Every structure is written in structure tokens, then in C-alpha cells.
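Note that the structure is predicted; figures quoted are calculated from it, not measured. Whatever order the structure lists them in is the order used to number ligands and atoms, beginning at 1.
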Amino acid sequence: MRIGLSYDLKETITPPQASCDDICEEYDSLETVELIATSLEAEGHAVTMLGGGREFLSKILQEKVDFVFNIAEGRGTYRGREAQVPSILEMLNMPYSGSDPQCLAVCLDKPLTKKLVALEGVSTPTWRVINDRRELHEINRCRSLFPAIIKPAYEGSSKGIRLTSLVEDAKQANEVIECLLDKYRQPVMMERIILGDEVTVGIIGNSPPKVLGVMRILPRQRNDCFLYTLEVKRNYLELVDYECPAGLEEKVLERIQTASLKAFEALGCRDFARVDFRISAGGVPYFLEINPLPGLGTHSDLVIMADKLGWTHRQLIGAVLNAALERYPQCVCV
Ligand SMILES: Nc1ncnc2c1ncn2[C@@H]1O[C@H](COP(=O)(O)OP(=O)(O)O)[C@@H](O)[C@H]1O
Ligand SMILES: [Mg+2]
């Protein structure tokens with residue numbers, strides 16, 4: 001099959017002047033794109049690089065492809081940015097991998113996603129959104145949230161989540177929120193901290209989706225309030241150990257798997273996703289967020305998890321592709 005690969009390369013994005021140093025964090029490296037292309041080729045497909053943004057717009061109209069494997073994160077700081085490429089593909093009636101625009105747009109909005117999963121009975125830490133500076137005084141009414149974490153409402157890849165994001169009181173919260181409102185130009189969340197184990201869950205497939213694995217992320221240095229911040233993600237080889245399967249009690253693992261699948265299905269995810277939780281001292285998984293477009297590079301959590309479970313990168317990409325192809329019987333593999 002002729003597969004187009006849509007992606008946004010870090011190198012091709014020109015950040016606006018005076019932007020934050022993590023503005024390009026979600027975008028992919030050439031190494032990741034080449035790795036995915038190699039895995040698709042190893043599955044017997046011819047791969048055409050489509051890129052992202054304007055390059056994607058012209059190439060998708062020019063190149064002859066039967067299907068698009070999409071990892072494009074989208075452009076700008078819009079909360080619907082991950083929906084940009086899939087929306088165009090739907091307009092062209094072009095088969096593609098991964099979740100649809102509606103799911104991708106919802107899941108980048110963390111507060112909205114939390115409301116939807118909470119409706120399904122999945123626990124999520126209590127939170128409050130501060131939309132702009134005029135709402136800063138609301139912090140005083142949120143004392144029950146402390147200690148809290150402050151994070152941008154529409155980001156991923158730990159953008160805006162630093163060691164300084166953990167706040168103990170209204171004064172600290174005020175400072176961090178003001179700073180994030182200015183830098184990220186979007187609403188900010190203040191969320192109660194869950195100081196337990198950090199796990200991430202991989203899901204693959206549809207009807208029914210299946211849990212690939214539950215991976216625990218352990219700080220190398222004992223740390224009572226470990227946060228998987230940007231600093232940690234950038235230096236993960238030195239700072240954390242990954243444990244998969246996670247060494248948690250069977251009943252806790254079952255709760256995590258049930259909550260993950262509920263979230264995946266409630267949000268209408270397709271083909272694959274990664275769900276992040278913190279586990280309370282009582283063994284309750286607290287949903288933090290879901291990534292319907294998780295990273296697929298060597299350094300990404302889902303790839304590390306698959307590797308720990310004995311899967312090759314090619315097998316992982318093949319599983320995502322096959323899940324997507326089941327939707328499109330017209331895409332016959334030749
Ligand atoms: N409520 C919380 N309690 C404890 N840790 C949190 C909480 N929210 C975020 N974190 C920490 O910050 C990390 C990144 O937050 P997350 O919501 O997953 O954002 P991102 O989309 O950037 O990955 C988490 O993996 C976790 O370590
Ligand atoms: Mg996360």
C-alpha cells in the first residue's frame with residue numbers, strides 16, 4: 001500500500017519571538033519520523049513523506065497515497081490543533097490512522113476531558129480553571145486544592161510543567177499562574193496533587209481496545225513529591241526508571257486497566273492512546289490526562305513500554321496500522 005506519513009518536524013517550526021523554550025516540545029524529530037517510515041516499510045508499504053502545515057496541504061493533493069499514517073501535532077497554540085490534519089483528511093475522504101478530529105480536539109483540553117471521564121465514574125483530581133488575570137482572586141477560594149499543581153489547560157509533553165509547578169499556598173499559586181497565563185496565552189489549571197505512584201497505560205485496537213501494558217515511572221532518587229516534569233522528561237535516562245509490567249497489587253492494576261479503557265471509550269479514541277494516572281495511597285487511580293496521539297519515537301513512553309514487553313517498534317506500528325485498516329476495507333494491502 002502507498003502510505004503517506006504526516007508529521008510536524010521540530011526543525012521546520014519557526015517559534016514566534018519571545019516564546020517559551022518548550023514551544024516545540026510536542027513536535028517530532030527527523031529520527032522519529034524516519035524510524036516510523038522504516039517500520040512501515042518493513043511491513044511492506046511504500047512511504048511518502050507528507051510533512052505538516054502548508055507542505056502537507058500541497059503534498060496531500062499532489063502525491064498518490066492510499067492511506068495516511070498521522071502523527072502531526074498541528075500548528076499554533078489552538079486547543080484543536082491536533083485535529084487539523086485529520087480534518088483535512090476527512091474532507092478529502094482519505095483513510096488515516098488514529099483518532100478523529102473531535103476526539104483529538106477534546107483531549108487536548110484537559111479540563112473538558114476530565115469532566116467527560118468523571119461522568120464515566122473515573123476518579124480525577126479536583127481542579128479549578130483560571131481563565132485570565134481577572135480570575136486570579138478566585139485562587140483564594142480554592143484552599144482545599146493545596147498542595148496543588150499548576151499547568152496550562154491545553155498542552156501536552158509536560159509543556160509548562162516544571163519543578164516550580166507544585167505550589168503549597170495561594171501566594172505561590174498566584175505567582176505561577178500569572179506566569180503561565182502570560183507565557184502560554186491560554187487558561188491555566190490548578191489541580192490537587194496526588195502524591196502516589198505515577199503510571200502510564202498503553203492502549204491499542206478497537207472493538208474492543210486492549211491494554212498493551214501499565215508502566216510505572218519511578219524517580220531514581222527517592223522523592224516524596226516526584227513530578228514527571230519537563231526537566232525530568234528531557235533527562236529521563238538519568239532521572240527515572242521505567243517498570244513494565246508495573247509492580248503494583250493485582251487489584252490496583254485491574255482498577256487502572258478498567259479506568260483506562262473507560263476513558264478511551266468515553267472519549268471516542270481509536271487505534272491507540274496513552275493514559276496517565278497517579279495512584280493514591282489507598283490504591284485509587286486518579287486520571288490526569290489521555291494522549292490520543294502519543295509519541296512514537298524511541299524516547300516516547302509508549303515505545304519504551306512496548307520494548308519492555310518485548311515488542312519491536314515495527315510490531316507496535318504494525319498493530320496501530322492494522323487497527324486503523326480494519327475501518328477501511330477498501331484499503332487492501334498489496
Ligand atoms: N494532579 C496531579 N498530581 C500529581 N502529579 C501530577 C498531577 N498533574 C500532573 N502531574 C505531574 O505532571 C506530569 C505531567 O502532567 P500531565 O497532566 O500528564 O501533562 P502532560 O500532558 O504535559 O503530560 C504528570 O505525569 C505528573 O507527574
Ligand atoms: Mg502526561
Side-chain angles (χ1 to χ4, degrees), residues 20 22-27 73 77 79 81-82 104 106-114 117-118 122-129 142 144-168 173 176-177 180 183-184 186-203 214-219 223-236 239-242 246 256 259-260 263 267 273-282 284-295 299-302 304-305:
C20 329
D22 57 10
I23 190 128
C24 291
E25 209 67 25
E26 71 214 53
Y27 297 125
E73 298 283 345
T77 52
R79 64 180 165 170
R81 60 190 181 269
E82 287 184 4
L104 291 162
V106 167
C107 293
L108 204 56
D109 181 332
K110 287 188 173 131
L112 179 56
T113 304
K114 279 161 65 76
V117 301
V122 174
S123 302
T124 186
T126 42
W127 80 99
R128 170 90 206 204
V129 175
C142 307
S144 63
L145 294 182
F146 297 118
I149 180 161
I150 311 291
K151 46 188 180 182
Y154 315 143
E155 294 296 348
S157 311
S158 280
K159 281 168 78 176
I161 303 182
R162 306 288 176 119
L163 296 169
T164 48
S165 306
L166 170 61
V167 297
E168 302 284 347
V176 180
I177 292 174
L180 289 193
K183 277 185 160 172
Y184 293 87
Q186 60 182 278
V188 169
M189 291 170 77
M190 180 156 98
E191 190 176 72
R192 198 177 160 72
I193 280 273
I194 308 293
L195 287 176
D197 281 314
E198 164 109 18
V199 299
T200 192
V201 183
I203 298 181
V214 178
M215 184 164 84
R216 180 156 59 163
I217 299 145
L218 295 155
N223 181 347
D224 288 337
C225 47
F226 166 70
L227 298 179
Y228 199 22
T229 60
L230 191 75
E231 295 92 339
V232 178
K233 287 185 187 171
R234 282 181 177 170
N235 193 15
Y236 73 98
L239 299 179
V240 289
D241 286 312
Y242 296 100
I256 297 171
S260 305
L267 295 158
R274 230 197 59 235
V275 199
D276 294 343
F277 292 93
R278 294 292 285 227
I279 317 300
S280 72
V284 176
Y286 279 83
F287 171 95
L288 300 182
E289 58 136 1
I290 187 162
N291 299 287
L293 200 56
H299 311 298
S300 306
D301 287 348
L302 188 66
I304 296 173
M305 177 190 298

Quick note on ligand 1: atoms under 4.0 Å from a heavy atom of Ile161 include exactly 12 (O), 14 (C), 15 (O), 19 (O), 22 (O)
Counting each atom of ligand 1 from 1 as listed, which ones have a heavy atom of Glu155 under 4.0 Å away?
-> 21 (O)
When you check the space around the Mg ion (ligand 2), which protein N, O or S atoms turn up under 2.8 Å?
-> Asp276 OD2, Glu289 OE2
So, do Pro147 and Leu166 sit near enough that their side-chain heavy atoms are less than 4.5 Å apart?
-> yes
So which protein heavy atom does atom 18 (O) of ligand 1 come closest to, and at what separation?
-> Glu289 OE2, 3.0 Å
If you measure from each heavy atom of Lys233 to ligand 1, is any distance below 4.0 Å?
-> yes
Ranking Lys110, Glu25, Glu26, Lys114 by closest non-hydrogen atom to atom 19 (O) of ligand 1, top hit is Lys110
Which of the numbered atoms in ligand 1 are below 4.0 angstrom from a heavy atom of Ile149?
-> 1 (N), 2 (C), 6 (C), 7 (C), 8 (N), 9 (C), 10 (N), 11 (C), 12 (O)
Quick check: does any side chain N or O of Arg79 sit under 3.5 Å from a backbone N or O of Lys110, one acting as donor and the other as acceptor?
-> no
May I ask you to say whether Glu289 pairs ionically with Lys151, meaning some side-chain N is under 4.0 Å from a carboxylate O?
-> no
For the residue pair Pro187 and Tyr154, establish whether any side-chain heavy-atom pair is separated by less than 4.5 Å.
-> yes
May I ask you to check whether Asn291 has an N/O atom sitting below 3.5 Å from an N/O atom of ligand 1?
-> no
Ignoring hydrogens and angles, tell me if any N or O in the side chain of Asn223 forms a donor-acceptor pair with the backbone of Cys225 under 3.5 Å.
-> yes
Using distance alone, determine whether Ile194 and ligand 1 share an N or O pair under 3.5 Å.
-> yes
Are Phe226 and Val232 close enough that some pair of their side-chain heavy atoms sits under 4.5 Å apart?
-> yes
Below 4.5 Å, heavy atoms only, C-beta onward: do Leu288 and Tyr228 meet side chain to side chain?
-> no
Just let me know how Ser165 lines up against ligand 1, side chain, backbone, both or neither, with a heavy-atom cut-off below 4.0 Å.
-> neither
For ligand 1, which atoms have a heavy atom of Arg192 less than 4.0 angstrom away?
-> 1 (N), 2 (C), 3 (N)
What residue and atom, counting heavy atoms only, is the protein's closest point to atom 13 (C) of ligand 1, and at what distance?
-> Tyr228 O, 3.5 Å
Side chains of Thr113 and Pro111: closer than 4.5 Å at any heavy-atom pair?
-> no
Atoms in ligand 1 with a heavy atom of Gly156 nearer than 4.0 Å | 20 (P), 21 (O), 22 (O)
Under a 4.5 Å cut-off applied to non-hydrogen side-chain atoms, are Phe287 and Val275 in contact?
-> yes
Backbone N or O of Pro294 within a donor-acceptor pair of the Arg274 side chain at under 3.5 Å?
-> no
Proximal ligand 1 atoms for Glu191, defined as those under 4.0 Å from one of its heavy atoms = 1 (N), 2 (C), 7 (C), 8 (N)
Would you say Lys114's side chain and Pro125's backbone share a donor-acceptor pair under 3.5 angstrom?
-> yes
Do the non-hydrogen side-chain atoms of Leu145 and Trp127 ever get within less than 4.5 Å of each other?
-> no
Do Glu155 and Glu26 have side-chain heavy atoms sitting under 4.5 Å apart?
-> yes
Protein contact to atom 9 (C) of ligand 1 [nearest heavy atom, distance to 0.1 Å] | Lys151 NZ, 3.3 Å
Which is it for Leu227 and ligand 1 at heavy atoms under 4.0 Å: side chain, backbone, both or neither?
-> both
Just which atoms of ligand 1 are under 4.0 Å from any heavy atom in Glu198?
-> 24 (C), 25 (O), 26 (C), 27 (O)
